[in-house]
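Step one of this worksheet: look at the structure below.
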2 protein chains.
Amino acid sequence: MQAGVSIGEAARVSGVKVPTIRYYEQVGLLPEPPRTEGNRRLYEARHLSRLAFIRHARELGFEVDAIRTLLDLQDHPGQSCSPADSIARLRLQDVKERIARLNALKAELERMIEGCSHGTVAECRVIEVLADHAKCGHPGH
Amino acid sequence: MQAGVSIGEAARVSGVKVPTIRYYEQVGLLPEPPRTEGNRRLYEARHLSRLAFIRHARELGFEVDAIRTLLDLQDHPGQSCSPADSIARLRLQDVKERIARLNALKAELERMIEGCSHGTVAECRVIEVLADHAKCGHPGH
DNA sequence: ATACGTCCTCCAGTGACTAGAGGAGCAAGC
DNA sequence: GCTTGCTCCTCTAGTCACTGGAGGACGTAT
């Protein structure tokens with residue numbers, strides 16, 4: 001086991017930016033690492049793997065609060081994993097809803113753009129649809 | 001033409017909350033309406049239709065800045081609609097990208113959840129995948 | 001006259017960062 | 001030994017599009 005790496009190095013290997021790493025420490029996602037004599041953070045393997053965990057979870061769209069719970073579970077491997085399972089299921093549900101909503105938006109945007117005759121604003125379907133909700137495929141929203 | 005409606009009434013018919021209406025005025029999306037003797041806002045038809053426009057555009061995910069441009073175009077109907085068209089196209093591009101990313105997340109979340117054996121955290125696939133990026137379908141992210 | 005609902009302004013908070021000011025540590029070249 | 005330039009430190013404030021609360025005024029019904 002070596003000494004550890006600087007915050008810049010940690011940023012490089014994890015793909016998380018330096019200020020974001022400090023932010024994660026500040027909000028309690030990442031434990032405070034030891035420091036050098038000159039007061040610089042020195043990250044060890046456990047910090048780096050935790051950082052990778054956080055990054056992956058953020059990429060999957062988990063909120064910081066959810067990640068805190070997931071990390072806490074990881075620290076207690078004997079517990080039931082059903083909280084982790086239900087956090088992931090909630091997230092999946094959320095993702096599915098977003099996809100459905102975005103597909104509706106996509107359809108409406110495509111209809112708007114397709115109807116545009118590239119003339120003046122007065123006859124622009126984009127503006128017209130925005131101004132009058134009744135003119136869109138009004139899918140609920 | 002009647003007098004106009006209160007901010008509460010405007011909120012009711014537009015579906016935009018009262019503080020949000022005041023916020024739109026503050027950031028210059030909605031013109032300042034006339035006031036009553038008692039200093040209350042009185043919205044006229046033009047304000048209400050502008051509010052509907054804003055709401056619809058926000059629902060489609062246009063940013064406030066983009067909406068400002070779109071409203072400006074609406075106020076000058078003789079201009080070419082190509083700026084409106086390109087704002088909408090950019091938005092569509094963005095929506096498409098989001099859908100693609102969310103579909104990838106959905107696949108990964110489903111794989112995670114499916115692999116969960118409902119036992120302890122130690123053998124939980126959800127935690128495991130989060131901890132080790134190599135264990136997911138690593139679709140680019 | 002009183003009670004209640006709606007309205008007013010102003011200021012602070014949300015989430016998850018991001019950017020900048022102002023200063024100190026550290027390695028290399030001259 | 002000194003300077004240059006990079007990385008690091010803390011602290012504060014800004015982003016986006018709202019949202020919420022304090023503290024007070026107006027308006028209407030009883």
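These values consider heavy atoms only, across backbone and side chains, with no hydrogens, waters or symmetry-generated copies.
In this structure, the side chains of A:Arg125 and A:Glu114 stay at 4.5 Å or more apart for every pair of heavy atoms. Side chains of B:Val95 and B:Leu60 form no contact here, defined as non-hydrogen atoms less than 4.5 Å apart. Counting only heavy atoms from C-beta outward, the side chains of B:Ile7 and B:Arg40 never approach each other to under 4.5 Å. Annotation: side chain of B:Pro33 is not in contact with side chain of B:Glu44 (no heavy-atom distance under 4.5 Å). Taking the side chain as every heavy atom from C-beta outward, A:His133 and B:Glu59 approach each other to under 4.5 Å.
Only A:Arg35, A:Asn39, A:Arg40, A:Arg41, listed by number, bring a heavy atom of residues 31-42 of chain A to less than 4.0 angstrom from any atom of DNA chain D.
Between the C1' atom of C:dC26 and the CD1 atom of A:Ile7 lies a distance of 17 Å, rounded to the nearest Å. In this structure, the CD atom of A:Glu59 is 15 Å from the P atom of C:dA16, given to the nearest Å. The distance between atom CD of A:Glu25 and atom C1' of C:dC17, rounded to the nearest whole Å, is 15 Å. To the nearest angstrom, C1' of C:dC11 lies 15 Å from OH of B:Tyr23. Between the NZ atom of A:Lys17 and the P atom of C:dG20 there is a distance of 12 Å, rounded to whole Å.
In B:Arg101, the CZ atom is not crowded: 12 or fewer heavy atoms of neighbouring residues, nucleotides or ligands sit closer than 6.0 Å. By the neighbour-count criterion of 12 heavy atoms within 6.0 Å, atom CD of B:Glu63 is sparsely surrounded, having that number or fewer from other residues, nucleotides or ligands.
Residue A:Thr20 has a polar side-chain atom (N or O) positioned under 4.0 Å from OP1 or OP2 of C:dT18.
In 5' to 3' order, the nucleotides of DNA chain D bounding all contacts with chain B (an atom under 4.0 Å from a heavy atom) are D:dA17 to D:dG27.
Considering all non-hydrogen atoms of both residues, B:Ala10 and B:Tyr43 come closest at CB-CD1, 3.9 Å.
Residues B:Gln26 and B:Arg22 both approach DNA chain C. Their nearest nucleotides, taken by heavy-atom distance, put B:Arg22 toward the 5′ side.
Ion pairing of A:Asp72 with A:Arg68 is absent here, as no side-chain N (NZ or NE/NH1/NH2) approaches a carboxylate O to less than 4.0 Å.
Looking at heavy-atom distances under 4.0 Å, B:Phe62 makes no contact with the nucleic acid at all.
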